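Remarks on the structure that follows.
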Amino acid sequence: MSSKKYILEMFPYPSGNIHMGHVRNYVIGDINARYHKLKGDEVIHPMGWDAFGLPAENAAIQFNTHPQDWTVKNIKNMKSQLQKLDLDLDWNRELATCNQDYYKHQQELFIDFYKAGLAYKKDALVNWDPVDQTVLANEQVIDGKGWRTGAIVEKKNLSQWFFKITNYAEELLSDLDKLELWPEKVKTMQKNWIGKSIGAEIKFKIHENSDYLNIFTTRPDTIYGATFIAVSVNHPIVKKFSDQELINKIKKEFEEINNDKDKIGYKMPISCDHPILNKKIPVFIANFVLDTYGEGAIFGCPAHDERDYEFAKKYSLPVIKVIECDDDSLPYSGDGVVINSPLLNGLNKDDAIKEIIKFLIRDNIGNEKINYKIRDWGVSRQRYWGCPIPAIYYEDGTYRVLDKEELPVILPYDVNLKGKGNALLNMENWRKIICPKTNKVAYRETDTLDTFVDSSWYYIRFLDNKLEKPFDAQKINKLLPVDKYIGGIEHAILHLLYSRFFMKALRDIYNLNVDEPFRQLFTQGMITHKTYRTKDNEWVMPKDVVIKNKRLLKIKTEEPIEEGPSEKMSKSKKNVIEPDEILDTYGIDATRIFMISDSPPDRELEWTDEGIQSSKNLVHRIERYFLKKKTDIDLETEKKVERFVHNIEKNILEFSLNKCIADIYTLFNYLEKNQIYLYDNELSEKILICLFPVLPRLSSKISSSLFKNKILGNWPNINYALLAEDKINLPIQIQGKLVTTFETIKGYEEKDILNSIYQLDKIKNKIANKEVLKVINVQDKIINIITN
RNA sequence: GCGCCAGUGGCGGAAUGGUAGACGCGCUGGUCUUAGGAACCAGUGGGCAACCGUGGGGGUUCGAGUCCCUCCUGGCGCACCA
């Protein structure tokens, strides 16, 4: 029975050349695609280009070209490199996100998102990458640095477009459980990123006026122990009660100190009423309160929170114990019996939380609350080379998102990138229009969309890349999700989370019946290589290193070279191998073998000369084998071939591609050792079909010479009768330790076999003078004799 | 600090709780060859041996690389998330 199989590898950014990482990624996908085609499945296996993005702008400035020209040229080059790899790709589905016939549909989706309330604009304190001169989403800031540039990210207040990914926080989290074929690791990372916590929101009345301060806590059970309030410096209340000069001073000080988690605070001229106890507690502006989480305000319970404790000690604030524990174990944040809390005394944590929430609701001072760490996805980028956001601004400051009829908003070609800031801002003649609806002067939005938007739906567009609307709903329902999605783990959160959000948003807008875009995710390991450098710490490419008299030398200068550990291939350390050169020297099939042979595909692969060479040797060996004169075969040969078919299939399906290579060696070792040559025997056909996904060139070449005009058939059906082994080598243990093995047939009688075994010298000697207490016979597997 | 994953020969790695080290690389010896990053044959966990061996210690089991507890080491992720 044939079925649809959508096999997809993460599409590349057209940087200029493919690298070995791409090769490994695409070979893994290609083996799967070819296998499924042989199975008779309807295979979708497309390729395209993630073609918008900053490197094109930087390159344009550096090489005095245009981002589009640079990108188009790179695509052309990389496409020819991929074709040289002879991947079985659906090139008729090709797309590039920088092409109008891709991004105009994306603009349409933007409008739909806007209408559905999933795209909106707001002033926000955002992450500003000073090198790329653009805003970054939260996910794109790693350790306070830009994901691409590594520059320290600044905070800026800007009016920005956002996608309402928070609407889907709960579903993005709970649906992770449905993704059985995703690596646990990726799911955990997404889970942590979404960051669900269950707790309560509590209103603290400001003593000096009638306002309330909202606070989120996961520990409302410790409310009686609250001895202070702390807010982030960006909290609105700070502005109300402090002058800007002071705020700036505090901000500056916080920035300087925030590196090593030292806690500092400024006491505000206000206090809050404790919501239950009749007392006032002080309010601090504190550096350790995150403005991006919860309400940007906390209540401090020093006895039961490490951070609050540290802060309280520093500012001599009272520590009130409300959970039973030793005094010297403070701060104690575990479960325990509540004390010193009239409404909650004697309860454990969970019950106390339930009880206090009841109380908060009754008195209208709080509620149960679920908080998520994830925030809305900021998609505005102050860059030229991206998808224009379809909106215009009037001179009175209002704006309007365009109607679909007004699309596309075409990215203008004629641009000066050498100026400061976003090039589109300086293009007055492009920006300024007369709004056809109001006849008023208007200006186009100059921000472009984050390129992660482009890649959030490309797998959908592949299904129908020439359609005059974004997609066809029926096709989505029929052909999605992607069955196997293969790529690097570096996209664990960014791309994969955004895509999941997109799929769900589109499902709701268009009434689709797909919940998740990728049924199975496979993350391939990176490729590493030894690093080499000269005494002057200058990196040297592997191909420029020679061995002379057992010493490593640089090829021309003969400088001595030091060998460093194997690290991820990178241009900066020059430990790269060029795919083009490898293909020329070793050929496609050997390259494919090496990409999967030396370690499991999800682990890192160390590039070695020996590895690629032995892959090449295997190709030659198989080729030679099929030139040998035909011999007779026996049943055992048929069984071995059947076993081979079975194992290859199993290992492809399990992504254990390294074991496929072992299967190939095992088969040919057997055949050659026993001098069995199949030549044009029908078993050869079976073998060649199974070799085809891994070694398409060689397999086709041999088949066409052995079977002339015949086209190779489909993947063989397994004859399970041939897989069954009746002769076995039964392990015999005494006290659970292996003593010997005994050759017999499956389905033996326990009584008979024991009689025989007791005659064996090894067994006889071991059980002499001992009493056999028990015999464990795991039929056809093992026999274990227990003595006293 | 928290979470996750992993520790098996000289190396990469195999092993539904049932013969640990499949397969490959490397290495040793040999054959063939003008030569070979070629090919072929034999060997290759340790130990003379009895035996011992899957990071250390404990446990469950007739039986543990595999399951449980604990510790150590390494990698990855998150990191003042209230």
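Bear in mind that the values here come from a model prediction, so they are computed numbers and not experimental data. Throughout, protein chains are lettered first and strands after them, A, B, ... in sequence-line order, and every chain is numbered starting at 1.
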Give me, pair by pair, the N or O atoms of the protein and of nucleotides 30-33 of chain B that are less than 3.5 Å apart, along with how far apart they are.
none

- [ ] Determine which bases of RNA chain B form Watson-Crick or G-U wobble pairs with both distances under 3.5 Å, and write the result as a 5' to 3' dot-bracket string with | for other-strand partners.
- [x] (((((((..(((.....[....)))((((((.......))))))((....))..(((((..]....))))))))))))....
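Nucleotide B/C62 holds its C1' atom 4 Å from the CD1 atom of A/Ile786, rounded to whole Å. Taking atom NZ on A/Lys530 and atom C1' on B/G12, their separation rounds to 12 Å, with Å as the unit. In this structure, CG of A/Leu213 is placed 14 Å from C1' of B/A82, rounded to the nearest angstrom. Computed from coordinates, the A/Ile527 CD1 to B/G12 P distance equals 17 Å when rounded to whole Å. Between the CD1 atom of A/Ile596 and the P atom of B/G24 there is a distance of 15 Å, rounded to whole Å. In this structure, A/Tyr293 atom OH and B/A79 atom C1' are separated by 13 Å, rounded to whole Å. Note: CG (A/Asn777) to P (B/G63) measures 17 Å, nearest angstrom. Going from atom NE2 of A/His491 over to atom C1' of B/G77 covers 16 Å, rounded to whole Å.
A/Leu653 CG to A/Ile648 CD1: the interatomic distance, rounded to the nearest 0.5 Å, is 11.5 Å. Between the CD1 atom of A/Ile223 and the CD1 atom of A/Ile215 there is a distance of 7.5 Å, given to the nearest 0.5 Å.
Here, B/G13 and B/G57 have their C1' atoms 27 Å apart, quoted to the whole Å. Rounded to whole Å, the separation between the C1' atoms of B/A22 and B/G9 comes to 14 Å. Comparing the same atom, P, in B/C48 and in B/A15 gives a spacing of 32 Å after rounding to whole Å. Separation of the C1' atoms belonging to B/U44 and B/A35 is 29 Å when rounded to the nearest angstrom. Of the C1' atoms belonging to B/C2 and B/G53, the separation is 36 Å, rounded to the nearest Å. Spacing of P atoms, B/C68 relative to B/A6, comes out at 11 Å, to the nearest Å. If you take atom P in B/U70 and the same atom in B/C4, they sit 12 Å apart, rounded to whole Å. Across B/G47 and B/G3, the matching P atoms stand 42 Å from one another, rounded to whole Å.
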Task: B/S/- contact track for nucleotides 13-23 of chain B, protein heavy atom under 4.0 Å - done: SSSB-BB--BS
TODO: Going 5' to 3' through nucleotides 35-53 of chain B, assign each nucleotide B (protein heavy atom under 4.0 Å from a base atom), S (under 4.0 Å only from sugar-phosphate atoms) or - (no protein heavy atom that close).
DONE: --BSS--S--------SS-
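Across the interface with RNA chain B, nearest-nucleotide mapping of A/Thr217 and A/Thr608 shows A/Thr608 to be the residue nearer the 5′ end. Each of A/Glu610 and A/Val289 lies near RNA chain B, and the nucleotide nearest A/Glu610 is the one positioned closer to the 5' end.
The backbone N or O of A/His235 lies less than 3.5 Å from no partner atom in the side chain of A/Asp291, so there is not a single donor-acceptor pair. Looking at A/His529, its side chain never comes within 3.5 Å of a backbone N or O of A/Ile577 through a donor-acceptor pair. A distance-only check finds a donor-acceptor pair linking the side chain of A/Lys187 to the backbone of A/Leu179 [under 3.5 Å]. Checking side-chain atoms of A/Asp780 against main-chain N and O of A/Gly747 turns up a donor-acceptor pair under 3.5 Å. Of the possible polar contacts, none joining the A/Asp305 side chain to the A/Cys301 backbone as a donor-acceptor pair under 3.5 Å is found. Looking only at distances, no side-chain donor or acceptor of A/Arg592 sits under 3.5 Å from a matching main-chain atom of A/Leu695. Distance alone, capped at 3.5 Å, places no donor-acceptor pair between the A/Arg24 side chain and the A/Ile527 backbone. Under the 3.5 Å distance criterion, the side-chain polar atoms of A/Thr227 are matched with a main-chain donor or acceptor of A/Pro318. Checking side-chain atoms of A/Asn367 against main-chain N and O of A/Glu201 turns up no donor-acceptor pair under 3.5 Å.
Less than 4.0 Å separates RNA chain B from at least one heavy atom of each of the following residues of residues 182-201 of chain A: A/Lys185, A/Met189, A/Ser197.
A salt bridge links A/Glu636 with A/Lys640: the closest approach of a Lys/Arg side-chain nitrogen to an acidic carboxylate oxygen falls below 4.0 angstrom. No salt bridge links A/Lys543 with A/Glu578; every basic N to acidic carboxylate O contact stays at or beyond 4.0 Å.
Nucleotide B/G55 carries an anti base; the chi torsion (O4'-C1'-N9-C4 or O4'-C1'-N1-C2) is more than 90° from 0.
Partners of A/Phe228 under the ring-ring contact (aromatic ring centres under 6.0 Å, His included) rule, at least two apart in sequence or in another chain, are A/Phe311.
Taking the six-membered ring for Trp and the full ring otherwise, the centers of A/Phe594 and A/Tyr586 sit at least 6.0 Å from each other.
No side-chain donor-acceptor contact under 3.5 Å links A/Glu567 and A/Thr528.
Contact annotation for A/Val775: no contact, since no heavy-atom pair falls under 4.0 Å across all strands.
A cation-pi arrangement is present between A/Lys263 and A/Phe288, with the terminal nitrogen or guanidinium carbon under 6.0 Å from the aromatic centre and inside a 45° cone about the axis. Cation-pi geometry between A/Lys196 and A/Tyr372 is not met: the NZ or CZ atom fails to fall both under 6.0 Å from the ring centre and inside 45° of the normal.
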